[in-house]
Protein chains: 2
Amino acid sequence: MRLLLVEDTVALADQLLPLLRDHGYAVDWLADGRDALVRAHDDDFDLVILDLGLPGLDGLEVLRRWRQQGLSMPVLILTARDSWAERVDGLRAGADDYLTKPFHPEELLLRVQAVLRRSHGSANQRRLRACGVELDEERQSAWLDQDEIELTGAEFRMLRYFMLNPGRLLSKIALSEHLYDGESERDSNVVEVHINRLRRKLGGEVIQTRRGQGYLFTGRD
Amino acid sequence: MRLLLVEDTVALADQLLPLLRDHGYAVDWLADGRDALVRAHDDDFDLVILDLGLPGLDGLEVLRRWRQQGLSMPVLILTARDSWAERVDGLRAGADDYLTKPFHPEELLLRVQAVLRRSHGSANQRRLRACGVELDEERQSAWLDQDEIELTGAEFRMLRYFMLNPGRLLSKIALSEHLYDGESERDSNVVEVHINRLRRKLGGEVIQTRRGQGYLFTGRD
DNA sequence: AGCCCGCCTTAACGCAACCTTAAAGGAGGC
DNA sequence: GCCTCCTTTAAGGTTGCGTTAAGGCGGGCT
């Protein structure tokens, strides 16, 4: 976890740096607003702790420019003045959180953790991957390399069942029983039709047929 | 965006409810901790605003149990006492943010916005941006390139929910549940009508329909 | 070889899901 | 209190998915 601390009060920085490092963060430290402005482009920080009262360039202005330039890392603001207006300005400028001086060091730690947890926790895309095919469950579509392949409801359900059982022989009856809860019709070729449609979209080789036994999802190996 | 406000001070709730609703949130209100504990299981709230001093069951305890039961929605804490220890306890218990009474209503709004964006992985920009569309939460209007597109309340609410869940398939039921609070009808085509309106204003391609499954916000890719 | 059975392919149909439009119902402003 | 604009309801039209059905193909068994 890579942090950037932008703080010109040496005493405070001296106090925070070891604390953060003790807790497993790699922390870079800058004391000047202008330095911070460019530095954030050079490295990919997971979070920035930004003091508002800075020499060189005011913290609020730094933050505003970062956002304007498309930098989107989480920013936690430190402010000496406990005025409502300033906190609002900070949030408006694009801060994720703020802390009012003086604060207890442990509180900073907790807020850092909270912000990081939030900003990373939601990045988990639910994607199922097997044999060279990806399935985006949130989007209900498949991906081959970089190409998105839109699926209908039945196709999606069938492909998902295949991908949850990769390399396993699935009989026609098992498939139809899984796709339709209730008893399945015997004299119907629904499964075959949908297999056919999947093969058309994904390429013929992704699903092998074992005559008399069922189908096997092999992907593109 | 569906919120739950848990606050026993009637005067404060009376002040906050219209404010939040004016800004496009569907808000349910409870005054008792025990009610809140179960209610959070019944509905899928996008955020909870939780007062700590509650009758029935203390707010901190409510939060702790929610987390223990696997509920992970963002929670914003309101606390009357400005003690460091309580804020730390709140964050430890799994809160995402806190606000100390008394606070300025506008500050609550900004924090709500910040937490919601953070929990959906977007950077805390002034404008919400996804897939070539920008959304100005203050003006409740959208921007395509340089053109401002005025939105009505319902359109804004819907578009915001789409933009906070980009690339994710949203069912009609999910949409209506997140756009309307407690007592709302289910067998109606409101969602379809508003989808239609949004498509007219933003262009037909911004929202795909996946028949039988839901809608997908794709912007202008 | 020839036949049968299992699988493939294609096209067509029906129905539910969805779209569109208009008009009624409400809320807020002047 | 009236006017306006937004939201919701309602009704009819349209579309596309899921299913069925029919014809073709080929492998394996007798």
Side-chain angles (χ1 to χ4, degrees), chain A residues 140-142 149-161 169-217, chain B residues 17-19 21-26 139-142 149-161 169-217:
Chain A
Q140 303 210 350
S141 56
I149 288 154
E150 298 182 10
L151 301 172
T152 70
E155 288 161 3
F156 172 76
R157 287 193 298 271
M158 188 151 185
L159 180 57
R160 181 175 55 188
Y161 191 56
L169 194 59
L170 300 174
S171 75
K172 226 185 293 190
I173 295 170
L175 282 167
S176 68
E177 275 178 354
H178 183 79
L179 295 183
Y180 311 94
D181 38 63
E183 77 242 22
S184 52
E185 292 296 323
R186 220 68 338 161
D187 58 342
S188 155
N189 65 342
V190 224
V191 172
E192 292 164 36
V193 171
H194 283 122
I195 292 273
N196 180 32
R197 293 213 170 124
L198 272 183
R199 289 211 256 238
R200 263 197 199 179
K201 289 191 175 179
L202 302 177
E205 71 280 8
V206 292
I207 298 169
Q208 287 183 17
T209 128
R210 293 288 159 82
R211 200 181 171 80
Q213 311 182 69
Y215 298 92
L216 189 60
F217 178 78
Chain B
L17 281 172
L19 178 79
R21 287 181 176 144
D22 277 355
H23 285 79
Y25 298 102
R139 302 179 65 162
Q140 301 206 352
S141 61
I149 288 157
E150 296 180 9
L151 300 172
T152 69
E155 290 160 2
F156 169 73
R157 273 172 275 159
M158 187 151 189
L159 181 56
R160 179 174 55 188
Y161 193 62
L169 194 60
L170 300 174
S171 75
K172 233 184 295 191
I173 294 169
L175 283 168
S176 67
E177 276 179 354
H178 284 266
L179 265 33
Y180 298 93
D181 57 26
E183 59 286 353
S184 62
E185 288 300 319
R186 210 97 307 170
D187 60 339
S188 134
N189 65 342
V190 227
V191 171
E192 293 166 36
V193 172
H194 285 120
I195 292 270
N196 183 27
R197 296 236 162 90
L198 272 183
R199 289 211 254 236
R200 268 197 198 177
K201 289 193 175 178
L202 303 176
E205 72 281 6
V206 293
I207 297 169
Q208 284 184 22
T209 127
R210 295 283 170 88
R211 175 172 278 247
Q213 317 189 94
Y215 298 92
L216 187 61
F217 177 79

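Please read all numbers here as calculations on a predicted model, not as lab measurements.
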Thr209(B) side chain, from C-beta outward: closest of dA11(D), dC17(D), dC18(C): dC18(C)
side-chain N/O Tyr215(B) vs dA17(C) OP1/OP2, d < 4.0 Å: no
Options dC18(C), dT7(D), dT19(D), nucleotide nearest the side-chain atoms of Val193(A): dT19(D)
Spacing of Leu179(B) atom CG relative to dT8(D) atom P, expressed in whole Å: 9 Å
dT8(D) OP1/OP2 closer than 4.0 Å to side-chain N/O of Tyr180(B): yes
Rounded interatomic separation in angstrom, taking CG from Asn196(B) and P from dG13(D): 17 Å
Among dT10(C), dT7(D), dA10(D), the one nearest Ala154(B) by side-chain distance: dT7(D)
Phosphate-side-chain proximity, Ser188(B) and dT9(D), N/O vs OP1/OP2 below 4.0 Å: yes
Residue pair Met158(A) / Val191(A), side-chain heavy-atom distance below 4.5 Å: yes
Any donor-acceptor N/O pair, Arg157(B) side chain to Gly153(B) backbone, under 3.5 Å: yes
Short side-chain N/O contact from Arg210(B) to OP1 or OP2 of dC17(D), under 4.0 Å: no
Rounded distance in Å - CZ (Phe156(B)) to P (dC6(D)): 15 Å
Nearest-0.5 Å distance, NE2 of residue His194(B) to CG of residue Leu175(B): 12.0 Å
Presence of Lys172(B) side-chain N/O under 4.0 Å of dC18(C) phosphate oxygens OP1/OP2: yes
Euclidean distance, atom CD of residue Gln213(B) to atom P of dC17(D) [Å, nearest integer]: 10 Å
Minimum-distance nucleotide (side-chain atoms of His194(A) versus dC19(C), dT9(D), dT19(D)): dT19(D)
Interatomic distance where CD1 belongs to Ile195(B) and P belongs to dT8(D) [whole Å]: 14 Å
Atom pair CD/CD of Glu150(B) and Glu155(B) - distance to nearest 0.5 Å: 10.5 Å
Donor-acceptor under 3.5 Å (Arg199(A) side chain, Ile207(A) main chain): yes
Whole angstrom value for the distance that separates C1' of dT7(D) from CG of Leu175(B): 17 Å
Euclidean distance, atom CG of residue Asn189(B) to atom C1' of dT14(D) [Å, nearest integer]: 15 Å
5′-ward residue of the pair Val190(A)/Arg157(B) relative to DNA chain D: Arg157(B)
dT10(C) OP1/OP2 closer than 4.0 Å to side-chain N/O of Arg200(A): yes
Position toward the 5' end of DNA chain D (nearest nucleotide), Arg211(B) or Arg197(B): Arg197(B)
Atom-to-atom span, CG of Leu198(A) to P of dC8(C) - whole angstrom: 12 Å
